[in-house]
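Just below is one structure, and these are the notes that go with it.
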Amino acid sequence: MTKRIIPQLSFWQIWNMNVGFFGIQYSFGLQQTAVNPLYSFLGAHAEQLPILNLAGPVTGLLIQPLIGAISDKTWSPKWGRRKPFFLLGAVFCSLALFIFPFSSTIWMAVGLLWILDAANNTAMEPYRAFIGDKLPEEQQTYGFQMQSLFVGAGITLANLSLFVFQKYLGGTSESGGIPKWVYYSFFLGSFCSIASVVWSVYKTPEIPPTDEELAQLKAERENSTVFTPFIDIFKAIVNMPKILWQLALVYLFQWYALFCYWQFVTPMIKQTLYGVSENDEEKASHILELSKNGSAIVNSDLSWAKNIVHLAETAVGQTGLMNGFYNFITMISALILIPFAVKFSSKKVYAFCLFATGLSLLVLPFIKNEFLILLPMVLFGIGWASMMGLPYSMVSPSIPSEKRGVYMGVINMMIVVPMLIQTISFGFIYKNILHNNPSYAILTAGILFLLAAISVTYIKMKK
């Protein structure tokens, strides 16, 4: 079969093809920082947060490999191979983000999270495969780290929007429910999601298949059934390169830890920086509800309740600042990691960054100052930059080009399986072993990152 010639691209061509990742990651940033506090505003308890986040792992487990398998066998002269899935995912993501802050119950918010996650996964998986389609092997590390840059940029804006809108445009929701400043961040995300993807689709043509590849695609489509994508996924897993199995162990520790951090960093900040416990929030919410219904409340109790609500919302803004800061560091360090990866190998740089991330989380619960607590986020941001790019550049040379989409989906399965395990298991662990202490949850995440760093050393890369 004639092999496609893949030309090298300029900096701005690689930039334009990855702009769409910005909008996808803005949405992901809101999921990291705003969704769990939003659940709390609607009355959810801390031990319920893992199970309420079940949408992420389940939709990622099913949709990304399925979309990857389907996109591998897709070609449209007008739309290309991967771009139709970018657009479809971006449209539904934009709609879900716009509606999300109007959630009136926990279960409405949960349902919208399922739609949002499904849309994000539909757009994200083809974007990973897009790098392998468009860039020669020697530029793929550059391409994946450029995606890491936009991961940092998108999540930075999402988190900083929460901090800025809460501080300057919102005020406190004294009667309970979702504060108005949350709406602004989701509306901005709705715009960014569709606009950035449209930019990349307009600016970046896909490389057409050769005549032999087109003939093969036609033959495969003629012989395919509704079960074909599932069969392709199963075959890909059975024949998976050894390096992917080794990466799966790293991801087990890494992504379980990340989910613990995203779910419990805000409860930790409420506790360590502002002295607000979950019991305080429940009591304050009850007092405000009674006041709203016309019951007589002692002024001192009402003032206390309003202050507790204000501190809890301030903690959400502080989380946005911290997460925005580490993603800003990610944006800066993403491309800086490339020469280090070339000189010392992606494997060594990746292991070092995971170790640094673990250290940052181990010190986080002991910092009581809202400015000093930003310092560990520097290490976390560098680690996040490595996680979003280096693993893909490590395994990409071992993946068959004609199966790139399905294998990028399989890699995502390695991400979401640990998340699924976490959502099912960590509620019990948090309540019965960690005694409902969010600081212990963050320390657990730090230890898991150290185990992930050790696991990287066992990966055998293709030379």
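Here, residue 1 is the first one in the sequence, and each next residue gets the next number. Values reported hereafter were calculated over all heavy atoms of this structure, with side chains retained and with hydrogens, waters and symmetry mates removed.
Contact annotation: the side chain of Ser103 approaches that of Leu42 to within less than 4.5 Å [non-hydrogen atoms, C-beta and beyond]. Two residues are said to be in side-chain contact when any heavy atoms from C-beta on lie closer than 4.5 Å; Ser185 and Tyr26 meet this criterion. Taking the side chain as every heavy atom from C-beta outward, Ser360 and Tyr326 never approach each other to under 4.5 Å.
Atom-to-atom distance recorded for Leu95:CG and Ile115:CD1 is 9.5 Å, nearest 0.5 angstrom. For the atom pair NZ (Lys347) and NZ (Lys460), the distance works out to 5.5 Å, reported to the nearest 0.5 Å. With values rounded to the nearest 0.5 angstrom, Phe21 atom CZ is found 10.5 Å from Ser200 atom OG. Summarising the geometry, atom OH belonging to Tyr392 is positioned 14.0 Å from atom OG belonging to Ser346; distances are rounded to the nearest 0.5 Å. Here the straight-line distance linking atom CD of Gln25 with atom SG of Cys192 works out to 12.5 Å at 0.5 Å rounding. Distance check: Asn18 CG to Lys134 NZ gives 11.0 Å after rounding to the nearest 0.5 Å.
No donor-acceptor pair under 3.5 Å is formed between the side chain of Gln147 and the backbone N or O of Met388. Ser333 contributes no side-chain N or O that, together with a main-chain N or O of Ile336, makes up a donor-acceptor pair within less than 3.5 Å.
The aromatic rings of Phe100 and Phe186 sit parallel, their planes meeting at an angle under 30°, below the 60° perpendicular limit. Using cut-offs of 30° and 60° on the angle between ring planes, the pair Trp262 and Phe259 is perpendicular.
Side-chain contact annotation: Ser27 with Ser193, donor-acceptor N/O pair under 3.5 Å absent. Side-chain contact annotation: Asn323 with Tyr261, donor-acceptor N/O pair under 3.5 Å present. For the 3.5 Å distance criterion, the side chains of Ser425 and Tyr256 qualify, holding a donor opposite an acceptor.
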Kindly list each side-chain donor-acceptor pair under 3.5 angstrom involving residues 375-387, sequence neighbours excluded, with atom names and distances?
from, atom 1, to, atom 2, distance (Å)
Trp384, NE1, Asn327, OD1, 3.0
Ser386, OG, Gly383, O, 2.6

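For Phe98, the ring-ring contact (aromatic ring centres under 6.0 Å, His included) test picks out Phe187, with sequence neighbours left out. With sequence neighbours excluded, the residues that form a side chain to side chain donor-acceptor pair (under 3.5 Å) with Ser190 are Ser94.
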### Message
side-chain contact (heavy atoms from CB on, under 4.5 Å) for Leu9 and Met17? Distances and angles first, verdict last.
### Response
CA-CA 10 Å; Leu9 300 185; Met17 69 183 284; 4.0 Å; yes

### Task
Start with the C-alpha gap between Met146 and Phe11, add the side-chain angles, then the distance that decides, and say whether side-chain contact (heavy atoms from CB on, under 4.5 Å) holds.
CA-CA 10 Å; Met146 183 71 81; Phe11 172 87; 3.7 Å; yes

### Message
Using side-chain contact (heavy atoms from CB on, under 4.5 Å), reason through Leu244 and Ser398 one step at a time and then give a plain yes or no.
### Response
CA-CA 9 Å; Leu244 292 182; Ser398 301; over 6 Å; no

### Task
Determine, step by step, whether Trp15 and Phe150 satisfy the ring-ring contact (aromatic ring centres under 6.0 Å, His included) criterion, reporting the C-alpha distance in whole Å, the side-chain angles of both residues, the deciding distance to 0.1 Å, and the verdict.
CA-CA 9 Å; Trp15 174 280; Phe150 279 108; 4.9 Å; yes

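The two atoms that bring Ser439 and Met268 nearest to each other are OG-CG, 3.7 Å, heavy atoms only. Closest heavy-atom contact between Thr319 and Val265: CG2-CG1, 3.7 Å. Taking each heavy atom of Met413 and Pro418 in turn, the nearest pair found is O-CD, 4.3 Å.
For Phe102, the CZ atom counts as densely surrounded, since its 6.0 Å shell holds more than 12 non-hydrogen atoms of other residues, nucleotides or ligands. Crowding of Tyr39 atom OH: a count of heavy atoms from other residues, nucleotides or ligands under 6.0 Å exceeding 12. The local environment of CZ in Phe340 is sparse, with at most 12 non-hydrogen atoms from other residues, nucleotides or ligands closer than 6.0 Å. Crowding of Phe328 atom CZ: a count of heavy atoms from other residues, nucleotides or ligands under 6.0 Å not exceeding 12. Surrounding CH2 of Trp114 are more than 12 heavy atoms belonging to other residues, nucleotides or ligands, all under 6.0 Å away.
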